[in-house]
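Below is one structure, written out as structure tokens; the observations come after it.
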Amino acid sequence: EAAERVKRDEENRVLEAKLAVEREEKRKRDEELQRQQDAAEEAERKKKEEEEAEEARRLQALQDKKNGREELVREDAKKEGQDVLSLLHGPDCVVAATKTAVYFVTSE
């Protein structure tokens with residue numbers, strides 16, 4: 001009976017050691033999966049930030065073009081002593097109306 005108890009105790013220690021190894025392997029797999037998920041989320045966040053920055057640059061470039069066309073049409077009117085009363089912005093032009101004339105500038 002004592003020999004069987006010793007044998008069972010040894011078997012239990014072996015099983016506990018195997019279980020401990022399996023738990024450690026699972027912990028490592030879980031950590032690696034978490035690391036991969038974090039890296040994927042970070043890459044997605046960076047991609048989104050880059051897309052947003054590109055969109056902001058694109059919108060700023062469009063606004064700069066619009067402002068440039070507006071300035072040109074105002075300068076044209078001013079050269080002739082006209083005050084711009086109204087501006088109309090098209091997709092790629094600006095039209096300015098004065099009391100006696102209409103000026104327009106198209107995209108460059």
Side-chain angles (χ1 to χ4, degrees):
E1 200 174 293
E4 282 202 24
R5 188 177 323 127
V6 168
K7 183 179 176 183
R8 278 195 312 270
D9 287 346
E10 182 61 28
E11 288 173 352
N12 285 340
R13 280 192 291 277
V14 168
L15 291 175
E16 287 174 6
K18 286 182 180 178
L19 184 58
V21 167
E22 289 175 4
R23 285 182 183 147
E24 181 63 17
E25 288 173 351
K26 181 184 182 313
R27 184 190 64 77
K28 287 180 180 178
R29 281 192 311 271
D30 290 348
E31 285 177 355
E32 179 61 21
L33 287 173
Q34 186 63 47
R35 188 194 63 73
Q36 289 174 357
Q37 184 178 3
D38 291 348
E41 289 172 359
E42 178 67 13
E44 183 63 29
R45 184 188 61 77
K46 283 183 179 181
K47 180 181 176 186
K48 184 177 179 181
E49 285 177 357
E50 289 172 7
E51 289 171 352
E52 289 171 353
E54 180 60 34
E55 179 66 9
R57 285 189 294 274
R58 187 186 69 76
L59 291 174
Q60 185 61 48
L62 288 174
Q63 185 63 42
D64 291 347
K65 274 186 165 183
K66 178 181 169 183
N67 291 344
R69 289 190 300 262
E70 185 176 313
E71 183 62 30
L72 288 172
V73 80
R74 285 182 185 279
E75 287 174 7
D76 287 348
K78 189 168 220 135
K79 284 178 192 173
E80 297 184 20
Q82 300 284 330
D83 290 325
V84 174
L85 301 175
S86 176
L87 286 171
L88 176 65
H89 295 273
D92 52 359
C93 70
V94 174
V95 178
T98 67
K99 285 184 179 180
T100 59
V102 174
Y103 300 87
F104 68 95
V105 174
T106 60
S107 62
E108 294 131 329

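Position 1 is the first residue of the sequence, and the numbers go up from there.
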Practice prompt. Mind checking side-chain contact (heavy atoms from CB on, under 4.5 Å) for D64 and listing every partner two or more places apart, or none if nothing turns up?
Written response: Q60
Worksheet item: Would you say Q63 has more than 12 foreign heavy atoms packed within less than 6.0 Å of its CD?
Response: yes
Worksheet item: For the atom pair CD (Q34) and CD (E32), what is the distance rounded to the nearest 0.5 Å?
Response: 10.5 Å
Worksheet item: Side chains of V102 and V95: does their closest heavy-atom pair fall under 4.5 Å?
Response: yes
Item to complete: Not counting sequence neighbours, which residues clear salt bridge (charged side-chain N to carboxylate O under 4.0 Å, His left out) with E80? List them please.
Response: none
Discussion item. Show me the pairs that pass salt bridge (Lys or Arg N to Asp or Glu O under 4.0 Å) and involve residues 11-20, at least two apart or across chains.
Written reply: E10-R13
Output side-chain donor-acceptor pairs under 3.5 Å for residues 19-26, partner residues at least two apart or in another chain, one line each.
unit_1, atom_1, unit_2, atom_2, d
E24, OE1, R27, NE, 3.1
E24, OE2, R27, NE, 3.4
E24, OE2, R27, NH2, 2.3
K26, NZ, D30, OD2, 2.8

Discussion item. Using 0.5 Å steps for rounding, measure from the CG atom of L87 to the NZ atom of K66.
Written reply: 9.5 Å
Discussion item. Nearest 0.5 angstrom please: L59 CG to E54 CD, how far?
Written reply: 10.0 Å
Worksheet item: Which distance, rounded to the nearest 0.5 Å, do you find between the CD of E44 and the NZ of K47?
Response: 5.5 Å
Item to complete: With sequence neighbours left out, write down each residue that passes salt bridge (charged side-chain N to carboxylate O under 4.0 Å, His left out) with E42, or none if nothing qualifies.
Response: R45
Discussion item. To the nearest 0.5 Å, what is the distance between CG on L33 and CD on E31?
Written reply: 10.5 Å
Practice prompt. Assess whether side chain to side chain contact (heavy atoms under 4.5 Å, CB included) is satisfied between L85 and K99, documenting all intermediate values.
Written response: CA-CA 7 Å; L85 301 175; K99 285 184 179 180; 3.6 Å; yes
Discussion item. Could you check whether any side-chain heavy atom of D38 comes within less than 4.5 Å of a side-chain heavy atom of E41, counting everything from C-beta outward?
Written reply: yes
Response to the item:
Those residues at least two apart in sequence (or on a different chain) that pass side-chain contact (heavy atoms from CB on, under 4.5 Å) with E71 are E75
Fill in: T106 side, atom OG1; D92 side, atom CG - distance, nearest 0.5 Å
7.0 Å
Discussion item. Contact between R5 and R8 at the side-chain level, heavy atoms closer than 4.5 Å - yes or no?
Written reply: yes
Response to the item:
Y103 and T98 have their tightest heavy-atom pair at CE1-CG2, 3.8 Å
Worksheet, complete the sentence: Heavy-atom closest pair (V94 atom, E70 atom, distance to 0.1 Å) is CG2-N, 3.9 Å
